[in-house]
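See below for the structure under consideration.
Nothing fancy with the numbering, it's 1 onward along the sequence.
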Amino acid sequence: MSNFIKGDAVILWIWDTSGTPAYKPTACLTSTSLSQTRNIIESQTKCAPGLVEKDAGSLNNEISLEGQYIDTTSTPTAGDDTKMSHDALFELMNAGTPIDWRMSTGLTDTAYYYGTESILSSLELSADAGDSVATFSGTLSVSGAIVTTDPHV
């Protein structure tokens, strides 16, 4: 029988160089997804009329994230100051700072996926009126390969 992996086991961590360098979990995520797209190179030749030959092209990786916007400055909940919330991501976005990251997989034989030099390509803060919790979402455009070995070890 297969062992299911619960979605809450998969967490996105961002490498933080302010203070003591370490991975910090992205605060209060409600969803995270890793998307991989392979470009296809198509060609036709007179050697094989009517057939389209396909080869693997470049690989594009993106991470989408959504979470609750929390206050990490006044630390309303113990430990929130050790998380990367919207405000920290906002600073990285505005500076254009490349981001190193890791994503837990929930698997015992492959603990994490790692990426370096990724760019936060979108960041949105949503704050509806009423009793709704403010949320944020973003996209991390992954540069280079995704590996299973920590580049910071």
Side-chain angles (χ1 to χ4, degrees), residues 3-42 54-153:
N3 292 322
F4 296 102
I5 298 170
K6 291 180 70 177
D8 59 0
V10 181
I11 298 173
L12 177 64
W13 304 70
I14 305 290
W15 183 255
D16 183 18
T17 57
S18 64
T20 304
Y23 288 103
K24 285 187 174 181
T26 308
C28 301
L29 289 179
T30 55
S31 70
T32 308
S33 65
L34 171 61
S35 174
Q36 296 185 291
T37 306
R38 170 78 62 191
N39 290 324
I40 302 298
I41 301 168
E42 294 183 354
K54 297 181 181 184
D55 290 315
S58 58
L59 182 63
N60 184 40
N61 300 304
E62 283 188 344
I63 296 174
S64 298
L65 54 122
E66 296 177 351
Q68 293 180 345
Y69 182 41
I70 64 168
D71 181 1
T72 58
T73 57
S74 63
T75 316
T77 304
D80 282 348
D81 59 339
T82 62
K83 297 176 183 172
M84 298 288 272
S85 185
H86 172 273
D87 294 344
L89 295 174
F90 179 83
E91 294 298 325
L92 293 171
M93 177 82 170
N94 283 333
T97 305
I99 296 172
D100 293 356
W101 57 271
R102 75 179 183 193
M103 183 181 281
S104 58
T105 63
L107 301 173
T108 56
D109 59 343
T110 306
Y112 295 97
Y113 294 132
Y114 296 90
T116 59
E117 301 293 317
S118 299
I119 302 296
L120 191 58
S121 59
S122 71
L123 184 63
E124 180 178 338
L125 176 61
S126 299
D128 297 331
D131 292 334
S132 297
V133 174
T135 61
F136 68 95
S137 61
T139 302
L140 191 59
S141 294
V142 179
S143 180
I146 297 175
V147 297
T148 55
T149 304
D150 188 347
H152 294 284
V153 175

* If we only count heavy atoms from C-beta on, is the T26 to L89 side-chain gap below 4.5 Å? -> yes
* Flag side-chain contact, heavy atom, 4.5 Å: K24 against K83 -> no
* Using modelled atom types only, decide if a donor and an acceptor are shared between the side chain of S104 and the backbone of A9 within a distance under 3.5 Å. => yes
For residues 140-153, run the donor-acceptor check on the side chains, cut-off 3.5 Å, and write out each pair with its distance to 0.1 Å, sequence neighbours left out.
unit_1: S141; atom_1: OG; unit_2: S121; atom_2: OG; d: 3.0
unit_1: D150; atom_1: OD1; unit_2: Y23; atom_2: OH; d: 2.9
unit_1: D150; atom_1: OD1; unit_2: H152; atom_2: N; d: 2.8
unit_1: H152; atom_1: NE2; unit_2: D100; atom_2: OD2; d: 2.8

* Taking all non-hydrogen atoms of both residues, which atom of S118 and which atom of W101 are closest, and how far apart? -> OG-NE1, 3.0 Å
* Asked: Rounded to the nearest 0.5 Å, what separation is found between the CG atom of D87 and the CG atom of L125?
  -> 8.5 Å
* Closest heavy-atom contact between I11 and W13? -> O-CD1, 3.2 Å
* Structure fact -> One should read off an interatomic distance between H86 NE2 and D71 CG, to the nearest 0.5 angstrom, of 13.0 Å
* Asked: Would you say the side chains of T37 and N60 form a donor-acceptor pair under 3.5 Å?
  -> no
* OH of Y113: more than 12 outside heavy atoms within 6.0 angstrom? -> no
* Asked: How many angstroms lie between atom OG1 of T135 and atom CD of E124, to the nearest 0.5 angstrom?
  -> 7.5 Å
* Main-chain N/O of T139 paired to S122 side chain as donor or acceptor, under 3.5 Å -> yes
* **Minimum heavy-atom distance between P98 and I119, given as atom pair plus value** => CA-CD1, 4.0 Å
* What heavy-atom pair brings F136 and Q68 nearest, and what distance separates the two atoms? -> CE2-O, 3.4 Å
* Asked: Looking at OG of S137 and CG of L29, how far apart are the two atoms once the value is rounded to the nearest 0.5 Å?
  -> 11.0 Å
* Asked: Side chains of I99 and L120: closer than 4.5 Å at any heavy-atom pair?
  -> yes
* Asked: Hey, what do you get for CE (M103) to CG (L34), rounding to the nearest 0.5 Å?
  -> 5.5 Å
* Around Y112, counting heavy atoms of other residues, nucleotides and ligands shown, do more than 12 lie under 6.0 Å from its OH? -> yes
* To do: Identify the residue among I14, T30, L12 that makes a side-chain contact (heavy atoms from CB on, under 4.5 Å) with L65.
  => L12
* Mind checking the CZ-OG1 spacing from R102 to T105? Nearest 0.5 Å is all I need. => 11.5 Å
* Indicate whether any N or O donor in one side chain lies under 3.5 Å from an N or O acceptor in the other, for E66 and S31. => yes
